[in-house]
Each structure stands twice: as C-alpha cells, then as structure tokens.
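Read the structure below first, then the notes.
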There are 2 protein chains.
Amino acid sequence: MVRAGLSAAKVTEAAAEMADEVGLDQVTISALARRFGVKDASLYSHVKNLRELRVRIALLGGEEMTERIAAEVAGRAGRDALVAFANAYRRFALEHPGRYAATQMRFDPEEVADSVALRRSIELTYGMLRAYGLTEPDLTDAGRLLRAAFHGYIHLELSGGFAHPREVEDSWSRSLDALHVLLENWPSH
Amino acid sequence: MVRAGLSAAKVTEAAAEMADEVGLDQVTISALARRFGVKDASLYSHVKNLRELRVRIALLGGEEMTERIAAEVAGRAGRDALVAFANAYRRFALEHPGRYAATQMRFDPEEVADSVALRRSIELTYGMLRAYGLTEPDLTDAGRLLRAAFHGYIHLELSGGFAHPREVEDSWSRSLDALHVLLENWPSH
DNA sequence: CACCGTTCCTAGACTCTCTAGGTAGAACCC
DNA sequence: GGGTTCTACCTAGAGAGTCTAGGAACGGTG
C-alpha cells in the first residue's frame, strides 16, 4: 500500500487550490479525496467535516491576503497607501477567488477568535485612515464604507455583474480616486 | 388522493419564503417537497432543476426589489433620491436575505435577458446619478462604485462582518452622507 | 522485535438530485 | 354521462455526496 502522506496542512492547501480553480462550493470531501487518490473516509482523519475544511481555507486565505496587503502598504500613507491597499486586496481576490470567497463566509466568533490575520487587517485599515486625519467614530464609519466598497466591487466583478463594456480596470482606478477624495473630505458630525 | 395544487408560481413563492427563513443554500428540492407534503419527484413537473428554482427566486426577488426602490425614489432627486434608494435597497435585503442572495448569483446572460427589473434598476441608478450632473464615463464609474458600496455593506452586515459595537444604523446613514458628498464632488478626468 | 500512534481502508447509513414510466384527479367535448 | 386528454402526483431507482464505526497496514520508538 502506497500512502499519500497527508496532513491537515496539505489537505487544506490542496483544498484552497481546488477552490481557486473550480469554486469554493465545488470543493467537496469526495472530490478532494479523488484528487489525492484516496477514499473519502480517509480525509476525516485530518479534517473534522466539510465545514471545518472551508473554515481552514478561509483562515489560510485570510493570512495570505493580509500578508500581501501589509507588504504593499508598508511605508506608504495617504493616497499611496489607499491605492496600494486596494490593489493588493483586489489582485488577491481575483487571483484566488476560492480563498477569497472562503474569507467571506459567516463565522462563529470562536472559529476565528485566534486569527492574527483578522486583527492585523483591521489595524492596517485603521492606520491608513488615521493618516487622513480621521478619528472615532468617523474611523469606524469610513472603515466600514471602504471595506464594503472593496468587497462589493470585487464581488460584482467576480459574479459577472459588470456587463457594460467600459473596462473594469479604468472604472476601478477612477473609483479609487473618488474614495481618496471622499476620505480627504469626510463629513464629520 | 388529495392534491396540493401546485404550480410553478406557487413553488417559486414558497421557495423564496423558505430562502428568507433558512438561507438560500438550504433551499433544496426535497426540503421544499417536504414543506408541501409531496414527493421530491413531483416538483420536477413544475421546475426543471434546482438551478432553475434558484434563478426563479432571483427573478422574483429582483422584481420586488426594484419595484420597492422605484416607489421610494419616485419624485425625488439628489440627496433625497440617494437616501431613498439606498434605504429601500438595504431594507429589502435585510427583510428578504434569501431573495437578495439569489439576485447576487452568477447568471448566464440568457437567463436574465428578458428581465424588465434588471433594466429598470439600471435606469433608476443612472437617473439618480444624472441629477448630480454626471455624464459618461463618470456615470458608469460612479454607478459601479455605488452598487459596490451598497452591496458590500449589506453583504458584510448580513454575514456578521460588523463586529464593532457602533450601531450599524448610524454608520450606514453617515456613509450615505459621505457618498452624497462624493457624488457632488466626483473627480472628473 | 514488539509496541503504538497515525494513515488509510471497507462497509454502510443517510441525504440529496434527477430520470423513467405509471396512476389518478380535473377539465373539456360530444 | 362516458370518453378523451392534460397534468399533478406517484413509485422505483441510479448516482453522488457526507459522515461514522471499526479494522488493517505502515512508520517510528522503546
């Protein structure tokens, strides 16, 4: 008997790759087992169930994503930081749609409680916004709007919601200009 | 034998209701059949398959949503129209999360080709933006950003992404203020 | 070498989608 | 009222997926 030599980490990595290729909801225990040349039941030694597998994809994706964003934003402020953040965010989501989709799942608080990436990504956003001179509660409001705009844009783009011929690239960078202007003129009170 | 008296419309309506109650991905043919006290196979007389059922939910939801938005926006312009549009959009999504989720599916062009609601919702957005004095291509760019912001906000809210204690209601209306300012100062060229 | 934990297996229960072909109610028409 | 036809609903079953229980073989450790 030749063993595949699996582990929780290997299974998660392969699942993430599969999610990027065929979509998160096409990642099934049995399809993954097939990919490893192994029986379904074997995977349950490494992963509790399908739900947990997807959460693992999300945690992996979240880490990779914030790492890339952090690297791009490092040393920048204001418009430069905003553009770097946004482009790193979007590029990751487009290159890794499955991982990205996983990060958008609904989690129980305890599932992501010990996720460093989550906390770090919030810090990154707030740091960026503070450079615009914002303070609470504007910080929270602007942060939410920014996250919503980024996520909404990518979601619509990935789901084919932009049918109009105008290039999404152009639209995107013009939207970033607009958001920059918005943050500079955030209406306080 | 007592008949349930089903039809495609009744099945769709019940499926939409079910989606709002338990989530779109919990709407299965068998669960729906159970709800009607009927065997799974019986539903296939009314609906081609699960995919088509979900598309029907989306089309139904889309119609209801644009109808409500149109009613709220009618006769308003500028900030009033923006706020009315946004609030109607959000309220519908929060009251009908299943229907709303269905409208965010990825569709083949032909599936939604004859959807009046889709075209009307685009017209509504563009009408609103023209009142801000925008012209192409700013119209498209601003429209995309607006849709992204609305959708992103609701998606994050529905998926529990706003953990911070600050009231979402307040954040939301402040974000609408901000978007209003943004549209008034949209950076052309 | 014998022990032990881990990896992988078989077997099977349960759920879901969807097809093929059959039965029984309702509506029409003479 | 009896026959025809449409269609709502049925049984039966194939196929795919999740997941559990319990067993076998491999790898490393004493």
Side-chain angles (χ1 to χ4, degrees), chain A residues 1-60 98-99 101-102 105-108 110-111, chain B residues 1-60 98-99 101-102 105-108 110-111:
Chain A
M1 191 199 304
V2 182
R3 298 208 170 195
L6 300 187
S7 65
K10 279 186 185 173
V11 168
T12 305
E13 177 58 41
E17 216 148 297
M18 193 172 177
D20 289 337
E21 289 168 17
V22 299
L24 181 64
D25 45 336
Q26 298 298 314
V27 176
T28 66
I29 297 284
S30 40
L32 197 57
R34 235 172 284 138
R35 182 170 286 213
F36 278 118
V38 147
K39 299 291 170 186
D40 302 11
S42 304
L43 291 190
Y44 287 90
S45 313
H46 307 285
V47 163
K48 216 180 80 200
N49 52 32
L50 183 58
R51 164 82 190 172
E52 202 212 56
L53 178 63
R54 293 191 173 148
V55 171
R56 278 173 189 274
I57 297 175
L59 293 177
L60 175 65
R99 285 170 225 245
M105 290 169 51
R106 179 165 210 155
F107 298 105
D108 292 335
E110 90 239 359
E111 280 176 326
Chain B
M1 194 200 300
V2 182
R3 298 205 170 193
L6 300 186
S7 66
K10 278 186 186 174
V11 168
T12 305
E13 176 59 39
E17 216 149 298
M18 194 172 174
D20 289 336
E21 287 169 18
V22 298
L24 182 64
D25 46 334
Q26 298 299 315
V27 175
T28 67
I29 297 284
S30 40
L32 196 57
R34 235 172 283 137
R35 182 170 287 216
F36 278 118
V38 149
K39 298 290 170 188
D40 300 12
S42 304
L43 291 190
Y44 287 89
S45 315
H46 306 285
V47 164
K48 217 180 82 200
N49 52 32
L50 183 58
R51 164 84 189 168
E52 202 211 57
L53 178 63
R54 293 191 172 148
V55 172
R56 277 173 190 273
I57 297 176
L59 293 176
L60 175 65
R99 286 158 153 96
M105 291 169 53
R106 180 163 210 156
F107 298 105
D108 292 334
E110 90 241 357
E111 281 176 327

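Chain A is the first sequence line, chain B the second, and so forth, proteins listed ahead of strands; every chain is numbered from 1.
A sub-4.0 Å separation between OP1 or OP2 of C:dC16 and a side-chain N or O of B:R34 is present.
Take B:S45 and apply the side-chain contact (heavy atoms from CB on, under 4.5 Å) test, not counting sequence neighbours, and it matches no residue. Among residues two or more places apart in sequence or in another chain, the side chain to side chain donor-acceptor pair (under 3.5 Å) test is passed with A:R54 by none. Take B:L60 and apply the side-chain contact (heavy atoms from CB on, under 4.5 Å) test, not counting sequence neighbours, and it matches B:T12, B:E13, B:A16, B:E64, B:R99. Among residues two or more places apart in sequence or in another chain, the side chain to side chain donor-acceptor pair (under 3.5 Å) test is passed with B:Q26 by none. Among residues two or more places apart in sequence or in another chain, the side chain to side chain donor-acceptor pair (under 3.5 Å) test is passed with A:E17 by none. Contacts of B:D25 classified as side-chain contact (heavy atoms from CB on, under 4.5 Å), with partners at least two apart in sequence or in another chain: none.
Summarising the geometry, the separation between CG on A:D40 and C1' on C:dG12 is reported as 13 Å, rounded to the nearest angstrom. Atom OH of A:Y44 and atom C1' of C:dT10 are 16 Å apart (whole Å). Whole-Å rounding puts the B:F36 CZ to D:dC10 P distance at 12 Å. Residue B:L6 contributes atom CG, which lies 13 Å from atom C1' of D:dC10 at whole-angstrom precision. Atoms CG (A:L43) and P (D:dT20) sit 13 Å apart, rounded to a whole Å.
For the helix from C:dC1-D:dG30 to C:dA27-D:dT4, the angle separating the two terminal helix axes comes to 0°, with each axis derived from five pairs and the value rounded to 10°.
Scanning residues 45-54 of chain B for heavy-atom distances under 4.0 Å to DNA chain D yields B:S45, B:H46. Taken residue by residue, residues 23-31 of chain A places heavy atoms nearer than 4.0 Å to DNA chain D at A:T28, A:I29, A:S30.
Of all non-hydrogen atoms in B:A58 and B:A102, the two that sit nearest each other are CB-O, 3.3 Å.
Put simply, CE on B:M18 and CG on B:L24 are 10.5 Å apart, with the number rounded to the nearest 0.5 Å. Interatomic distance, B:E111 CD to B:R51 CZ, rounded to the nearest 0.5 Å: 4.0 Å. Note that CG of A:N49 is 9.0 Å distant from CG of A:L53, once rounded to the nearest 0.5 Å.
Here the side chain of A:K39 is nearest to one of C:dC8, D:dC10, C:dT10, namely C:dT10.
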Show me, pair by pair, the donor-acceptor contacts under 3.5 angstrom made by side chains of residues 34-42 of chain A, not counting sequence neighbours?
unit_1	atom_1	unit_2	atom_2	d
A:R35	NH2	A:E21	OE1	3.2
A:S42	OG	A:K39	O	3.3

